[in-house]
Amino acid sequence: MASGGNGGGGRVIRVLNVAEKPSVAKAVSGILSRNQGGGMRVRDGRSRYNKIFEFNYTIRNQPCQMLFTSVTGHLMELEFDDRFRKWHSCDPLHLYDAPVRKYVPQDKLDIKRTLEEEARGCQWIILWLDCDREGENIAFEVLEVCRQANHNLNVWRARFSALIDREIHQSVQTLVQPNQLFSDAVDVRQEIDLRIGASFTRFQTMLLRDAFVLDFATDDRNLVLSYGPCQFPTLGFVVERYWEIQAHEPEEFWTINCTHNFDEGSATFNWMRGHLFDYTCAVTIYEMCIQEPTATVSKVKQQEKLKYPPHPLSTIELEKRASRYFRMSSEQTMKVAEDLYQNGFISYPRTETDCFSEKTDLRRVYELVVRHFLACVSKPAVGAETTVEIDIAGESFFACGRVILAKNYLDVYRFESWGGSVIPTYTFGQQFIPRSLTLDSGVTRPPPLLSEADLLGCMDKAGIGTDATMHDHIKKLLDRFYAIKDSSTRFSPTKLGEALVMGYDDMGYELWKPYLRAMMECDMKAVSMGTKRKTEVLETCLQQMKACFLDARANKGKLFEAMAIFFERSNRSSGGEQQVVGDVVRRCGLCLESDMVLRQKPDGNFMVGCLGYPQCRNVVWLPGSLSEASVTENTCTSCGPGLVYKIQFRFRRLEIPPNYSAQHIGCIGGCDDILRQLVGICGTGSRSSSNTFGRGRGNPTASSSAQRGNSRAQGSCAYCRQTGHLSNDCPSQASRSCTARSQEVDLQNGLENLQSLVIHVERLAICALPILPATGEESSFHVNHGSAIFSFGKIPSVEVSAQILLRPLAAEEVVVAKVLQIPVVCHLCQQQVNQ
DNA sequence: GCAAGGTC
């Protein structure tokens, strides 16, 4: 370490030390002051929680007078400028550009004053914040406050991972500089979370709250329908499982069971085949067994089995187990853990625990923590397990028996058990006649609703929230009336929660899935590693989310439709008008039976839909920026079959780019470039699976709200959304890949038809950037493919709008990427995957 | 009245 500019020689310098929480300030001061002359003194700061410890210490031969205080987590918060704070102060869209500022909230002002006062009298500052990204960000918050009070501070960062003597002494002798990149990554997260959260929350609250009778809320005028990048995916997990259960169709299966009794006892033998769904097949085998029922022992295996104690308790594991064993909510568990920590019984509950108090306490969480610790350091339980296999008429059956030899850790860990079962002794080749041989039937059952432990597991796996915040997100679902928890701590969505997820799902968005958060996490990592710049990530992400927001707003009809399934319309809003039957635009090319007419939806968006609805769901959605539309008497000379009447459009000036005219006479038959471009820029009134401008493939009913229930389950096919098979086995896959192949050939043969390709990509995308990159311009965007993130590199020499996909890449998209010669590179292995 | 992240 360089010698401090204000230090030098033997003169004692004053060093301000700041920890993230009072307990760390106290613990580190205790370690550093031990065996130092003068001992340790404590005095109050302006905040009653954050004391100041004083002692002498020598850093690299420099005698120091150490002042050690703390903050309590983040010192600052990010907020919009005052003029954007009120909900009706601006269009929520502006929250993507509105100025934001960091400020010290009222309840942290006393800590700020302490820091300012103490910093004035010091030459050095050592930042002892936790060594993670949030800690680094807090370090810069502390620094900002202290530097304003004293410009000449010499700044150092202590890196430590445990509050043990050796590590603390070593870290203070090898001080480093704070890491700006780590802090930048947190700045990015904060700003994105704030802008997305506030814009979508205001949007959906103001859109839906007054439009429907939300009977569950006592005061629905003050209800907030919040959206957040963590709370919504958490809700998504709950809804997805709920839909999976709804979609489950019980299926009868058949199994053969065999029992054997003799002097030593009895045994139940299970059929090696498990069960069969084919009754005829099961009956045939059963009859074979009945005719030759003599059982011959074909295998006897004896082995020692160990049951291992649990791993040390992490915060999430503590929450899961308390929920499983005691049915305590994760929020309640964290409250108790916090209390135990405050009273000195357990170590800090929000980070991994590596020390345990010897004191005892009757509180259940404490008992769990202690017993868990004791189990961790105990020996595994030991059992002797016997497996016997028998043969009856060529069919195999097996039975297992277990004797517990030593309970070991199970003695102390009373929350777990290991059942034993005794079976008689069998020898190889032994024969016997079973006591019973039965053909039994059963039905498949759906998975259970998600338990709190399941939900925590899903969040943990998907990286939603941190160990300190997961329980908050779960509680938020309950507080917002998005989900309920039943008496067995299992979660199901409320009508509101289901409607919101359904609405976004019908738009084709996966805003309720964890991919967005995963992508943000990926970007944050890139910022903290220095491979991407903070401004670049912020700009890209917010631009994409703004486009997504615009698109969601243009498709708000889908949210309306989903809400209307569950709730009565309210007379408080003006959105309840009936749809008017409009003028005929053309004959429907899908059902060939009805006319397509121009209509304005209750939410204001325009569409050209088939009068054969609901039997025929052919629809063409028009740009979201339309204020008026009327069918003219002019017909298009290039589109067909049959007459296609042109439409007079009037667009909202502020919602279209300046180089487009607000008045336009256009055609929906597919020839109109201007209309197509405006759809690309402004989005449409819907993103239903029906095609835009009547092109491309479309399963006209795939995402219809009316089909809900059976089509959304996790177990349903990702391609056709039908149940009964997964995407791997999709019967439509064969024809689908043929389509993809022929399309590939078509496209390769005639890349002049690029417009349809652009539309094709758009239709599949979750949200489209409104800005078209210039031809050949370098750009990049990400694609989440299963668990891997792909990035599209150079935009090829065609005009195609950049996309951001928040879901796995479909086969057709891979073809599109291939045809466009877009390299798809795996972020994880850096290999090109579509060569 | 919005987010998520610290911690009291």
Side-chain angles (χ1 to χ4, degrees), chain A residues 18-25 45 47-51 70-80 84-90 92 94-96 98 100 102 104-105 107-108 110-111 129-142 183 185-207 209 217 219-234 315 334-335 337-339 341-343 348-351 459 463-476 479-480 511 516-517 520-521 524 542 545 549:
Chain A
V18 186
E20 190 160 319
K21 44 188 167 278
S23 61
V24 171
S47 153
R48 55 187 278 236
Y49 299 109
N50 306 80
K51 309 276 184 205
S70 54
V71 286
T72 46
H74 276 288
L75 186 59
M76 297 180 170
E77 281 178 17
L78 191 68
E79 247 310 354
F80 293 108
F84 297 93
R85 297 273 275 268
K86 286 221 171 354
W87 277 39
H88 290 91
S89 64
C90 68
H94 296 154
L95 297 178
Y96 286 92
V100 288
K102 271 193 169 186
V104 179
D107 62 339
K108 299 286 174 73
D110 45 6
I111 298 179
L129 288 303
D130 292 358
C131 290
D132 51 25
R133 283 198 301 236
E134 295 294 333
E136 213 64 32
N137 191 264
I138 300 171
F140 279 89
E141 292 174 355
V142 169
S183 174
V186 174
D187 284 341
V188 169
R189 179 196 57 71
Q190 286 178 340
E191 192 170 331
I192 292 173
D193 283 346
L194 176 66
R195 292 188 191 275
I196 296 176
S199 59
F200 272 91
T201 299
R202 289 186 194 182
F203 158 67
Q204 63 184 28
T205 303
M206 294 194 285
L207 177 72
R209 184 183 56 195
D219 181 9
D220 59 358
R221 281 174 186 272
N222 288 323
L223 193 71
V224 172
L225 307 184
S226 63
Y227 175 87
C230 285
Q231 52 177 277
F232 245 59
T234 306
T315 305
M334 287 303 281
K335 265 191 191 147
E338 186 77 45
D339 200 25
Y341 163 69
Q342 289 297 327
N343 287 287
Y348 191 61
R350 292 196 187 97
T351 53
M459 296 169 75
I464 301 298
T466 67
D467 56 0
T469 60
M470 282 182 194
H471 67 279
D472 283 335
H473 302 312
I474 294 176
K475 183 169 181 289
K476 190 151 276 176
D479 292 346
R480 297 282 189 225
L511 285 168
L516 173 65
R517 196 68 186 171
M520 280 171 61
E521 182 58 33
M524 274 177 67
L542 288 174
M545 285 313 296
F549 178 82

Q | Nearest-neighbour nucleotide for the A/A468 side chain, B/dG5, B/dT7, B/dC2 considered | A | B/dT7
Q. Where the side chain of A/H473 is concerned, which of B/dC8, B/dA4, B/dC2 is the nearest nucleotide?
A. B/dA4
Q.
Of the listed nucleotides (B/dA3, B/dG6, B/dC8), which one gets closest to any side-chain atom of A/S226?
A. B/dA3
Q. What is the nucleic acid contact for A/L78, judged by heavy atoms within less than 4.0 Å: base, sugar-phosphate only, or nothing?
A. base
Q. Is the aromatic ring centre of A/Y227 closer than 5.5 Å to the centre of the six-membered base ring of B/dA3, with the two planes inclined by less than 30°?
A. no
Q: For A/E79, report the nucleic acid contact type (base, sugar-phosphate, nothing); a contact means any heavy atom under 4.0 Å.
A: base
Q) Which of these nucleotides, B/dA3, B/dC2, B/dG6, is closest to any side-chain atom of A/H74? A) B/dG6
(Q) Ignoring hydrogens and geometry beyond distance, is a side-chain donor-acceptor pair present between A/S226 and A/Q231 at under 3.5 Å? (A) yes
Q. Taking only N and O in the side chain of A/S47, is any of them less than 4.0 Å away from OP1 or OP2 of B/dC8?
A. no
Q. Would you say a side-chain N or O of A/R480 is under 4.0 Å from OP1 or OP2 of B/dA3?
A. yes
Q: Please tell me which of A/D193 and A/D107 maps to the more 5' nucleotide of DNA chain B, matching each residue to the nucleotide holding its nearest heavy atom.
A: A/D193
**Q.** Electrostatic pair A/K475-A/D479, nearest N-O below 4.0 angstrom
**A.** yes
Q) For A/E77 and B/dA3, what is the distance between atoms CD and P respectively, to the nearest whole Å? A) 12 Å
Q. Side-chain donor-acceptor pair under 3.5 Å between A/T72 and A/Y49, yes or no?
A. no
Q) Can you tell which of B/dC8, B/dG1, B/dC2 lies closest to the side chain of A/R209? A) B/dG1
Q.
Judged by each residue's nearest nucleotide on DNA chain B, which is more toward the 5′ side, A/H88 or A/T72?
A. A/H88
Q: Output all residues satisfying side-chain contact (heavy atoms from CB on, under 4.5 Å) with A/D132, sequence neighbours left out; order by chain, then residue number.
A: A/D130, A/E134
Q: Would you please name every residue forming a side-chain contact (heavy atoms from CB on, under 4.5 Å) with A/I192, sequence neighbours left out?
A: A/V188, A/I196, A/M520, A/L538, A/C541, A/L542
Q.
Which nucleotide wins on minimum distance to the side chain of A/P22, given the candidates B/dG6, B/dC8, B/dA4?
A. B/dC8
Q) Heavy atoms under 4.0 Å, any strand shown: does A/T205 hit a base, just sugar-phosphate, or nothing? A) base
Q. Does OP1 or OP2 of B/dA3 have a side-chain N or O of A/K476 closer than 4.0 Å?
A. yes
**Q.** Minimum-distance nucleotide (side-chain atoms of A/R189 versus B/dA4, B/dC2, B/dT7)
**A.** B/dA4
(Q) Any base atoms under 4.0 Å from A/G465, or only sugar-phosphate, or nothing? Heavy atoms, all strands. (A) sugar-phosphate
(Q) Please tell me if A/T469 has a side-chain N or O lying less than 4.0 Å from either OP1 or OP2 of B/dG5. (A) yes
Q | Donor-acceptor pair (no angle test) under 3.5 Å: A/Q231 side chain, B/dC2 base | A | no
